[in-house]
Amino acid sequence: MPEPQSAERINDFVIKLANVNGTGSASANSLLMKSIFRMGVPVVGKNFFPSNIQGLPTWYEIRVSRDGHIARSGRVDIMVAMNAETYRQDLSDVSPGGVLIYDSTWPRSHELVREDVTILGIPLAKICNEHFDGIRARILMKNVTYVGALAALLELDLEVIKQLLGETFARKPKLADANMQAIHLGYDYARDHFECPLSLRVESMDLTRDHIMIDGNSAAALGCLYAGVTVGAWYPITPSTSLMDAFRSLCAQHRTDAETGENRYCIVQAEDELAAIGMVLGAGWMGARAFTPTSGPGISLMSEFIGFGYFAEIPAVIFDVQRVGPSTGMPTRTQQCDILSAAYCSHGDTRHPILFPADPTECFEMAVAAFDLAERLQTPIFVLSDLDIGMNDWMCPLLQWDDDYRWDRGKVLSETDLEKAEHFWRYYDHDGDGIPYRSLPGVHPKGAYFTRGSGHNAEGRYTEDADEYREVVDRLNRKFETAAELVPAPVVVNSARGDIAVLSVGSCDGAVREALVLLGEQGVKLNYMRVKAFPFSGKVQDFLDRHERVFVVEQNRDGQLRKLLINETTTDPAKLVSILHYDGLPIGSDCILEAILGGLEKGAAA
Amino acid sequence: MPEPQSAERINDFVIKLANVNGTGSASANSLLMKSIFRMGVPVVGKNFFPSNIQGLPTWYEIRVSRDGHIARSGRVDIMVAMNAETYRQDLSDVSPGGVLIYDSTWPRSHELVREDVTILGIPLAKICNEHFDGIRARILMKNVTYVGALAALLELDLEVIKQLLGETFARKPKLADANMQAIHLGYDYARDHFECPLSLRVESMDLTRDHIMIDGNSAAALGCLYAGVTVGAWYPITPSTSLMDAFRSLCAQHRTDAETGENRYCIVQAEDELAAIGMVLGAGWMGARAFTPTSGPGISLMSEFIGFGYFAEIPAVIFDVQRVGPSTGMPTRTQQCDILSAAYCSHGDTRHPILFPADPTECFEMAVAAFDLAERLQTPIFVLSDLDIGMNDWMCPLLQWDDDYRWDRGKVLSETDLEKAEHFWRYYDHDGDGIPYRSLPGVHPKGAYFTRGSGHNAEGRYTEDADEYREVVDRLNRKFETAAELVPAPVVVNSARGDIAVLSVGSCDGAVREALVLLGEQGVKLNYMRVKAFPFSGKVQDFLDRHERVFVVEQNRDGQLRKLLINETTTDPAKLVSILHYDGLPIGSDCILEAILGGLEKGAAA
Amino acid sequence: MSYMSKPRIAHPGLKKNALGLTRRDYEGGMSTLCAGCGHDSITAAIIQACFELAIEPHRVAKVSGIGCSSKTPAYFLSASHGFNSVHGRMPAVATGANAANRDLSYIGVSGDGDSLSIGLGQFCHAMRRNLDMLYLIENNGVYGLTKGQFSASADVGSKAKRGEINEQPPIDPVLTALAMGGTFVARSFSGDKEQLVPLIKAGLKHKGFALIDVLSPCVTFNDHEDSTKSYAYTRQHYHPALETDFVRPAEEIMADYDAGAAMSIELHDGSMIVLRKAAQDYDPQNRGTAFAYIKDKLRDSEFLTGLLYVEETAPDMHVLSHTADRPLVDFGWEDLCPGSSALPEILKRYR
Amino acid sequence: MSYMSKPRIAHPGLKKNALGLTRRDYEGGMSTLCAGCGHDSITAAIIQACFELAIEPHRVAKVSGIGCSSKTPAYFLSASHGFNSVHGRMPAVATGANAANRDLSYIGVSGDGDSLSIGLGQFCHAMRRNLDMLYLIENNGVYGLTKGQFSASADVGSKAKRGEINEQPPIDPVLTALAMGGTFVARSFSGDKEQLVPLIKAGLKHKGFALIDVLSPCVTFNDHEDSTKSYAYTRQHYHPALETDFVRPAEEIMADYDAGAAMSIELHDGSMIVLRKAAQDYDPQNRGTAFAYIKDKLRDSEFLTGLLYVEETAPDMHVLSHTADRPLVDFGWEDLCPGSSALPEILKRYR
Ligand SMILES: Cc1ncc(C[n+]2csc(CCOP(=O)(O)OP(=O)(O)O)c2C)c(N)n1
Ligand SMILES: Cc1ncc(C[n+]2csc(CCOP(=O)(O)OP(=O)(O)O)c2C)c(N)n1
Ligand code: SF4
Ligand code: SF4
Ligand SMILES: [Mg+2]
Ligand SMILES: [Mg+2]
């Protein structure tokens, strides 16, 4: 067996862990990642799990990147192959020169070797059976043991691991000890049997201070808490479920009166998504800030009501944590495939503002912004996150809060306003910005009107009159123009070269940025824009106008963002070149790099 | 009072009748229209009715056009103003030189006069109270009486009216007599009090032989009957309800065994639209031809299931008889506002074929074509009609049927096929056209597979594998390319001028054609294309490529067809100029004419 | 067409309630339903009940779905906010509204199509949550607004204007409510103001979900083919849309009968229904036996009317959720936003 | 990951049924549910029942919604077509399929989330139509697949893995079925094969809608916080997604008891449910009294099991619709298309 080629790679490699779900591996893998993070080294973790509860293959990919790259790179430097069923595939996924670790308690097939991969066997089951009692502990500790082995191989700081275990099992110190024992077992086995550390290894840095590892759903929930949301309605659906879970536990901590046990919030688990959005609209009509988290199928089910919200002009916030479509699709895989569904949701002429967070930090910030926009614009607002952002742990700077900020409730008439008013016309464009004034129920009799999804005129009365109808829907278009000024502006990164650019959205950002760095190293300098919202602000139009060719990177099959761009700007579609990734795994920088290089070549040839 | 100017206009004018709904006026107005039709004169009727059952204003507009124009022209030559509440508006709607007829039993306000309109009062209530007993007869006969008056004023053939009444009341000859008596009362009153006929009048022609007056919903239902549909599932919604009503009565006549009373069809009134589309998919999966008629809100509710049908590849036909959106909108008004909703219905990457009938004849033909396409392509097919087509009476050539035609069941494996097959792979692209083979339940154990909306591979098994998933969704895109070749080609009308053209869809056709004639008379000769289906065939692309500027005429606010065109062809959006009409009334030729003239001028100036 | 409103003339002699308001102050816009429609009688009963209870009109929220029945909130309490939602989904809107503001009185108006077909799931779940609201089903056995198809509450043997006969057994809202844990379950008849007004008042005061299934004849679509009175019958080769072109002017049907007694009522099409008023000794506290008894009566083709089941102590949605007594909409920014000081502790778990 | 199938080895000694098929011929793919999940026991009972009835596997159509339970049709009768529809909408698919082909046997598998939350309306309407199918609710009181939220059938006081306690009264599928006119209403327990297999066979033979509510413990999400056995409890500052990261291997829970007797069953989390088998003299023919009795038992925290109501003569959907005996899918072009000769008469009315 020739020596696999391998260069020393400090703080710059990918570990992939192949497990069976339901065996406790997620905790172990998270421990591994957190340890590296605590050592001050930038890291990111991506979980590829099946749509079931127990017994199927599951993978966890940890990218250690001293340069702070957060996307998948296409490499696997270390594979921990704990699942016999996927062993063949896992082995073949290792990059040349990489390392594979497996449980050598049982022999593996002779065919399954690769000359360019270092294969390290550790008898994990055997070790654990010898040291732990009970099936539960034995299964769980196997995972912790491989973390111990990796600690030796990668030169992780055992003190850091110990501290993490202490925090995790704060209420059960015995469990902390048992876990630490398993760490040592793995650690010692590795030190005894292999040359430690590997050429790939971790070295302490100071790049994660004032950072956290957080998933987008938790961050969005935190945003909802801070935005003053009081009503949440939802129906469980992967991958949005943890958003409401997080909101519930935040509320339990911060919105429950310690003495009376009274809640300053109300979360309703609805019977389905149609009900969930109905509840949100009901609460929004009443004057509460209300939201629902969901995913693709939920959006489809909510469409009728979302069109109602648009036409009756009721604030609402919908978090769509996108997963792979169409239909049930792959519920535990990621895509950006609801862009068109959200933008034009519901029958008839409808358009809805969308915010596109790119990471958990923006989930937090945009959650807050979404409620202001919803009340400001009196309309349903989408926040389009995805499984990758929502459920994976991202390294983010500590979230910030400005205590001077106050919520923007938009144009709501107070009791005094109504008392003084001569009359109240619900849908009248008093200010020319397309946004009418609203009144809340229970405040004043003069504010009373009948909210409806059927034809109504500017005064708020029922109508089937052609002109009165047109007056209202034309104003809705004006309101949409106003929205373009209120939503967050795109992020622009200019480089030297002015004629060709890249445009992307949401969770593509990290991969695009890495690709741009790599392109830069090859002397190809491109401008970059990431859109943060729909309707597109004038800056998007300017950017498109400014370039001869724009690569549009997105994670769906049909180029939905590109479609929205050509629908809603005046750009010539010929210059928008799609780069699409839609297999359910988060987009990697490698595929973008390749596509852009290929595209540039083709452009040059043409 | 100066004499209103008026030129003799034979067989070329518009009568508008303003009534209160629930008073039986629809029957009277239909009698009037049919009489003209039976006199061989082309005619079309448009009903503008409220979304309630009794007591609100309702209008019926009859266009008499010896040239066969079928669109609204913007004119009202004769107004029958039976509704005191709308009298002011009705009077103002009369074109200069026109005539207004009202019930002079009660005095009308002095202010309500117009110098340029001839106002004729007929004491309809008084006449009817004198001649008929009972409140019911008196209300009803008032309407028939004004038909009699119009018969005199327009010189209608009383024999034709008599015959029509005889047919209508075939089982109640007494009622026929009473109606005829009312006709005579009106006729005689007009002859005695006014100069008859008016300068606007009807003269027998021979232009309606071999034609019928039919609504699109009835024609579509007939198409379903002829296409061999056996299962219909629906939830009532205006304006689609009459489609299933018609299907039911056709089936009762043609599909019920005279001896046993057994039905060769099954219609299920579902509990809602979600259930209706589920039933259609269940039946389609079993191998029956099945459909559901609905309107906008129904499409929104069906979206989740429609995405399922797309991904699991199940034939289904959905008739969307469009009405004014968004939300409940104006249920009894017309629009073409579900084009984008239908094309991209459901979350995730989805696209659906659409047929766009322009008149009842095409409703019939496209209904048949839709079922062939659904089975051929194994996917849900939309037929996008609208209220104007679906519920109004259009003059059409007698519908034709070719007895040599046989249904196209697409790629269905028979028992023998399956018996012989080595294995059955449900989603494998055997023929390279993107269309797999399917097996029907109950036929052969080898055909068994598990239909699902979750990730599946080409073999039809569950998968979460990135490549297997992509293989399936990429094939779906290939299938969509195949669809473009199978759907009906657009209609093209070329004229002398080659650089500028008009493009429209569905019920815009008549108005566009009339506008083109009028433009032609002014020396402006434009080419014309009407798209009949989505995906767009290569001919659409060619047509767009061929012209420097294309006016896109459609009946919605947001230019949905234009968006679809720029999304799904490679045309430069800059050359597609929207002409939009969306106030709920069917588009008129006058507004198109004006917009094109305005557009041409602007173009010339620029 | 534009919204019509009745002239609101202040008669000095009109009776006033505890708030000094007259019955007029509880009225709404002019009804656009067919003359004689049962729903209008129910509207009148709601007005009467609210007037008698002296509820502040603007502290009521009116919610409805889609249908002739669901239009009626426009015809009462014009000083209350109303929410005419989408078809069958009013319960969800009411739930969210109530979650946000528990201090208003909620009046939901629905139809049998709205609540028992498309909206059945939401209707049941609102009862399960014991949402604090009055919920009226204006039950006519048909979809009035879409011109007379059978609804899920159509009786076996009833005939549609188009001549079809319903053979499917009905879903009964009262039995449904008993199965779903409804805490206030009543039935009445639109023309029986004597019974209906007190039931509405009781329902408004009930802390939880109060269902009143009000049988409410549709004057227009009970017209059936083989009735000699039928206009449709006489038309043969004719356009189906025209069948409903004429609506016979009709008067509302009234009913007045005693507890324990039965009364048969002739509907506009000549068909009959039999109402039986629950007797004085009827026990509305046992869900199981109530179900058995009502079902028994239905088997005899009698609709038992009155307050059929009530459970005053069941916790409503807010009690179950431990929501603050103060309405959520009344909390201010400071009550809700934890501020920057709370962040470090929250973010600790993410290190 | 790719579909796994068990090796299908033909044992010469295996018992054969009337068709000459062995139990193996009624099996499906390998289950991917948690070890010990009650749903797997139900799958086994379905296999047993179909084998014993000697149904031709390919003449069965399997339909389901979404959930752990709804996955199970992949684990039995691999020679039958299956339809894994969207969440809560299986009844509609079954209705359309049955409308098209009345000759197949329909087995529907659903969960309590699928049938009582999102799918409640469809579930009820399928019963109202008396659709001819077997409908199993694999009832575990939670949403298994989305990790343990309470479903509408969760009992008051049950605890979720995350520590919440359910306070909302449950929707009971059996009471619901009785209110909706269900014609075959049964309850059983996943581990009671003695009772379950015969019920499934009876349900398959019932001409109409046969509901079996099968209590089926979820081994994974009944784990609760203050159980000493709980792993979740020990974690404090931790990622919520990880709480369910470990699934304790468990064995299926079995039950065996006599008619009339009660049996308490300990679930995996240590909580108890009590089953009572309907006694020999129980009368399953009176809907009203059945409701009252079952409700009574529930009040005593006992689940009455067995065939609780049956009505064999009620017409099914096809009888109500007068559909031809021959399945609609078997009619050919000539039976369906009236041809050009019929057109003139049809079009006459449009002149
Ligand atoms: C999603 C949707 N589907 C269908 C309709 C059409 N629709 C309007 S009202 C109605 C039925 C109303 O019946 P019911 O609730 O009994 O009210 P009624 O008119 O009888 O009082 C239907 C089906 C709709 N508005 N929305
Ligand atoms: C429209 C939609 N909403 C939500 C989901 C997510 N989801 C999948 S299964 C499920 C609940 C399943 O519960 P149950 O039917 O009781 O099945 P179990 O897993 O408990 O057997 C939910 C909410 C979905 N698939 N589709
Ligand atoms: S159609 Fe029937 S329910 Fe509707 S308003 Fe008229 S009478 Fe009332
Ligand atoms: S999560 Fe519960 S219901 Fe789902 S497979 Fe596991 S044990 Fe069964
Ligand atoms: Mg009704
Ligand atoms: Mg469950």
Side-chain angles (χ1 to χ4, degrees), chain A residues 38 212-214 218 222 225-226 228 230-231 233 250 254-255 257 261-268 270-272 274-275 278-283 285-288 290 304-305 308 398-399 401-403 406-407 440-445 447-454 457 461-465, chain C residues 1-3 56-59 61-63 66 73-74 77-86 89-101 103-104 121-122 124-125 129 317-318 321-329 331 333 335-344 346-347 350-351:
Chain A
R38 290 269 181 109
I212 49 175
M213 301 280 327
I214 192 169
S218 296
L222 195 58
L225 178 77
Y226 272 75
T230 51
V231 176
L250 287 166
H254 299 277
R255 292 275 195 78
D257 190 289
E262 277 194 346
N263 296 329
R264 294 190 302 280
Y265 67 96
C266 186
I267 296 174
V268 190
E271 55 273 34
D272 59 20
L274 294 97
M279 292 171 188
V280 169
L281 291 170
W285 169 64
M286 266 298 146
E304 189 196 15
F305 247 140
F308 179 95
L398 275 171
L399 302 177
W401 186 254
D402 172 6
D403 285 320
R406 284 296 170 281
W407 55 6
L440 300 180
V443 172
H444 193 285
Y449 70 103
F450 204 45
T451 300
R452 45 163 69 86
S454 47
N457 62 17
R461 301 183 196 282
Y462 183 80
T463 191
E464 293 176 2
D465 181 84
Chain C
M1 203 212 64
S2 149
Y3 186 84
E56 270 187 292
H58 80 282
R59 300 296 293 170
K62 307 174 293 184
V63 287
I66 299 280
L77 266 60
S78 57
S80 309
H81 268 70
F83 194 120
N84 189 199
S85 73
V86 293
R89 317 291 174 196
M90 170 264 278
V93 170
T95 305
N98 194 320
N101 191 345
D103 266 6
L104 302 190
Q122 295 210 344
C124 292
H125 279 270
R129 288 187 189 99
M317 180 180 77
H318 284 295
S321 311
H322 309 282
T323 325
D325 278 343
R326 185 171 163 202
L328 293 176
V329 287
F331 285 102
W333 179 245
D335 304 314
L336 299 175
C337 178
S340 65
S341 61
L343 259 186
I346 292 173
L347 297 180
Y350 299 108
R351 274 293 304 176

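Reminder, nothing fancy here: chain letters follow the sequence lines and each chain counts from 1.
- For the pair C:Thr323/C:Met317, no side-chain contact is recorded, criterion being any heavy-atom separation below 4.5 Å from C-beta on.
- Only the side chain of A:Leu250 comes within less than 4.5 Å of a heavy atom of chain C; its backbone N, CA, C and O stay farther away.
- Contacts of A:Tyr226 with chain C are made by both backbone and side-chain atoms, with heavy-atom separations under 4.5 Å.
- Contact count versus chain A (heavy atoms, under 4.5 Å) is highest, among C:Ser80, C:Ala324, C:Ala79, for C:Ala324.
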Test side chain to side chain contact (heavy atoms under 4.5 Å, CB included) on C:Leu336 and A:Thr230 and set out the steps.
-> CA-CA 8 Å; C:Leu336 299 175; A:Thr230 51; 3.7 Å; yes
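- Residue A:Trp285 touches chain C through its side chain alone, counting heavy-atom pairs closer than 4.5 Å.
- Counting heavy-atom pairs under 4.5 Å between each of A:Asp272, A:Leu225, A:Val280 and chain C puts A:Leu225 at the top.
- For a residue to count as touching a neighbouring chain, one of its non-hydrogen atoms must lie under 4.5 Å from one of that chain's; by this rule A:Ala275 touches chain C with backbone and side chain alike.
- From C:Tyr350, atom OH reaches atom CG of A:Leu399 across 9.0 Å, with rounding to the nearest 0.5 Å.
- Using a 4.5 Å cut-off between heavy atoms, C:Ile346 contacts chain A through its side chain alone, with no backbone atom that close.
- Looking at residues two or more places apart in sequence or on another chain, you find a ring pair (Phe, Tyr, Trp, His ring centres under 6.0 Å) between A:Tyr449 and A:Phe424, C:His81.
- With chain C as partner, the option from A:Trp401, A:Trp407, A:Tyr265 having the largest number of non-hydrogen pairs under 4.5 angstrom is A:Trp407.
- Note on A:Cys266, A:Gly447, A:Gly442: by heavy-atom pairs under 4.5 Å with chain C, the leading option is A:Gly442.
- With chain A as partner, the option from C:Pro338, C:Pro327, C:Pro91, C:Ala100 having the largest number of non-hydrogen pairs under 4.5 angstrom is C:Pro338.
- In this structure, chain A has heavy atoms under 4.5 Å from both the backbone and the side chain of C:Asp325.
- The candidate with the highest count of non-hydrogen atom pairs below 4.5 Å against chain C, out of A:Glu271, A:Met213, A:Arg264, A:Glu262, is A:Glu271.
- Put simply, OG1 on A:Thr451 and CZ on A:Phe308 are 6.5 Å apart, with the number rounded to the nearest 0.5 Å.
- C:Leu104 approaches A:Pro441 most closely through the heavy-atom pair CD1-CB, 4.0 Å.
- Comparing A:Gly228, A:Ala283, A:Gly261 by how many heavy-atom pairs each has under 4.5 Å with chain C, the most go to A:Ala283.
- Taking every heavy atom of both residues into account, C:Val63 and C:Ala94 meet most closely at CG2-CB, 4.1 Å.
- Between chain A and the options C:Val86, C:Thr95, C:Ile66, C:Asn98, the largest number of non-hydrogen pairs under 4.5 Å is found for C:Val86.
- Two residues are said to be in side-chain contact when any heavy atoms from C-beta on lie closer than 4.5 Å; A:Leu222 and C:Leu343 meet this criterion.
- Neither the backbone nor the side chain of C:Pro57 comes within less than 4.5 Å of any heavy atom of chain A.
- Both the backbone and the side chain of C:Pro73 come within contact range of chain A, judged by heavy atoms closer than 4.5 Å.
- Put simply, of C:Arg351, C:His318, C:Gln122, the one with the most heavy-atom pairs under 4.5 Å next to chain A is C:Arg351.
- Across all non-hydrogen atoms, the minimal contact from C:Asp335 to A:Arg255 is O-CD, 4.2 Å.
- The contact between C:Ser321 and chain A is made by backbone and side chain atoms together, counting heavy-atom distances below 4.5 Å.
- Using a 4.5 Å cut-off between heavy atoms, A:Arg406 touches chain C through backbone and side chain atoms alike.
- Side-chain atoms of A:Asp403 come within 3.5 Å of backbone atoms of C:Ser340 as a donor-acceptor pair (strictly under, hydrogens ignored).
- Between chain A and the residues C:Arg326, C:Arg129, C:Arg89, the largest count of heavy-atom pairs under 4.5 Å involves C:Arg129.
- A:Phe305 pairs by the ring pair (Phe, Tyr, Trp, His ring centres under 6.0 Å) definition with nothing, not counting sequence neighbours.
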